[in-house]
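Proteins come first, then strands; the chains are lettered A, B, ... in the order of their sequence lines, and each starts at number 1.
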2 protein chains.
Amino acid sequence: MAGRPAEPEVIWARPERAGRGPRPAFSRADIAAVAVRIADAEGIDALSMRHVAAELGCGTMSLYNYVPRKEDLYELMVDAVSAEYDLSDPTGDWRADMLALAHQTRALMHRHPWLPRLMSPVYGFSPNALRYLEHCMTCLDPLKARYGTKMELIASVNGVVTTYVANEIATAERTRSLPWSPEQEQGVRIAYLFSQVATGRYPRLAAAFAEDSGPIDMDAVFERALTRTLDAFAD
Amino acid sequence: MAGRPAEPEVIWARPERAGRGPRPAFSRADIAAVAVRIADAEGIDALSMRHVAAELGCGTMSLYNYVPRKEDLYELMVDAVSAEYDLSDPTGDWRADMLALAHQTRALMHRHPWLPRLMSPVYGFSPNALRYLEHCMTCLDPLKARYGTKMELIASVNGVVTTYVANEIATAERTRSLPWSPEQEQGVRIAYLFSQVATGRYPRLAAAFAEDSGPIDMDAVFERALTRTLDAFAD
DNA sequence: GCGCACTACGTACGGTGTACGTAACTACGA
DNA sequence: TCGTAGTTACGTACACCGTACGTAGTGCGC
């Protein structure tokens, strides 16, 4: 019988090695590493149970002994890349520390463009997520505020980063699913946008586009969004 | 030959009715309405081209005359529900207007739980999205700021709302894909969380959980996040 | 009224997640 | 020490998915 239980279960609470039976050929870390490699290299849509199993060198259904459902594979992956955080000692300046963490998250998401899509609040308590959360809390020690407020701060910063990077990535990742280049598509979309704005039905949008004729410095936009978020919690 | 072009194309630039040939049996609005109904009632994972075509009463491949790719169906859906916004005249109080719009967005996303997942920045210029954007800009007329800043404000507010509601929905929508109830799962997850916190490895998290023993008022959290975001742009 | 661009749609291909059955294996209880 | 229970391994099969392609039929523009 396969390992699929009828009862709810968190993969982290399930022991990696059961008492009886042959010793497992792979560790959870092995599986997560392979899955991450595939998703990084070929895109999240190319990540299938068959693909992972093939790369591991085992039958497709054998994988289900380790990972009851594909969703659990996602959970393993998110936790695995969360280990890439550098959680060295806080400096004592909580704003600087949170800013640095936000930039780490952004870099992490650029290394693993599938992260924003797979991250789910229900995965929020995986082992590495707990380490990360505790570290954030430590960085926020100098801030005089209730724990609840600090939690909201962390959530806000992560929300800004996730939203921003998801947008950054969305355009780039379209290359994978489209038969034409994203530049071509963007050209067509901008042409349509201009044709609409030129109708005069959107005077303020027209003015906005006229104001910022050059390309927008998205890094600066990101930085401002972060600063504003942190300022909102300043004591 | 099917309608799939090798050239990039925005569906909005493609005329609904071509000159020659039999008159189309459905309008884009018909198709979008059916797709929205399915996604609302059965979840986004149950939305397939076959399903939509069946509900419309036509062959699967006929649908591809109207919608070249499934992604275009998504774009139609997002635009269709964007028409549900009540964009009545601004009050002159930009903070109140933006707050009301944010609440509208939240309600919209609760009516259509698939919205956060399908919304993509690349769809950002559909007809109803343009109407919405122009309306936001009109609400922000009283705010003395550059258009670029106003754009950032709109993006920030929408980011907060999307992040927050996506989290709200994620847990609820799990019911669809899981063989057990979300309450059961949450119970198991919380049990694991407690077991981890009880190890003493996460003292600050422990303190945080001890502080807020009762259930958290998520509506209040949402409201605070919105207020903080708007405050950051106050003149 | 001719021709062509369009609509309609059946079939088929290569993929997906995963339920189920069976065979081999090992650690534990007797 | 020896069953035996529970685990691992994995082939097969099912019900889906998006969509490429080919073939008819239809009606507008010339």
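- For A/M61, the side-chain atoms get nearest to C/dA19 when compared with the rest of C/dA19, C/dC9, D/dT7.
- Counting non-hydrogen atoms under 4.0 angstrom, A/A25 reaches the backbone sugars and phosphates but no base.
- Rotation axes derived from the C1' atoms of the five outermost pairs at either end of the helix from C/dG1-D/dC30 to C/dA30-D/dT1 lie 10° apart, to the nearest 10°.
- The residue among B/L47 and B/P22 whose nearest nucleotide of DNA chain D lies closer to the 5′ end is B/L47.
- For B/R50 and D/dC17, the shortest distance from a side-chain N or O to OP1 or OP2 is below 4.0 Å.
- Atom CD in A/E16 sits roughly 11 Å away from atom P in D/dT8 (whole-Å rounding).
- Although no hydrogens or angles enter the test, the distance criterion places a donor-acceptor pair under 3.5 Å between the side chain of B/R189 and the main chain of A/V122.
- Note on A/E71 versus B/R174: salt bridge recorded, some NZ/NE/NH1/NH2 to OD/OE distance being below 4.0 Å.
- Among the atoms of the strands shown, base atoms are found under 4.0 Å from some heavy atom of B/S62.
- Which of C/dT7, D/dC17, D/dT8 sits closest to the side chain of A/Y66 comes down to D/dT8.
- With respect to A/R28 and A/D72, no salt bridge is recorded, no charged nitrogen being found less than 4.0 Å from a carboxylate O.
- At least one cation-pi condition fails for B/R131 and B/Y85: the charged atom is not both under 6.0 angstrom from the six-membered ring centre and inside a 45 degree cone around its axis.
- No donor-acceptor pair closer than 3.5 Å links the side chain of B/E134 to the backbone N or O of A/R201.
- Note on A/R17: a side-chain N or O is less than 4.0 Å away from OP1 or OP2 of C/dA27.
- A/S27 and A/D30 form a side-chain donor-acceptor contact under 3.5 Å, judged by distance and modelled atom types alone.
- No engagement by B/F26 is indicated, since no non-hydrogen atom pair under 4.0 Å with the nucleic acid exists.
- Distances were taken from every side-chain heavy atom of A/R20 (C-beta onward) to each of D/dC17, C/dA27, C/dT18; the shortest belongs to C/dA27.
- Rounded to whole Å, the distance from CE on B/M49 to P on D/dA20 is 10 Å.
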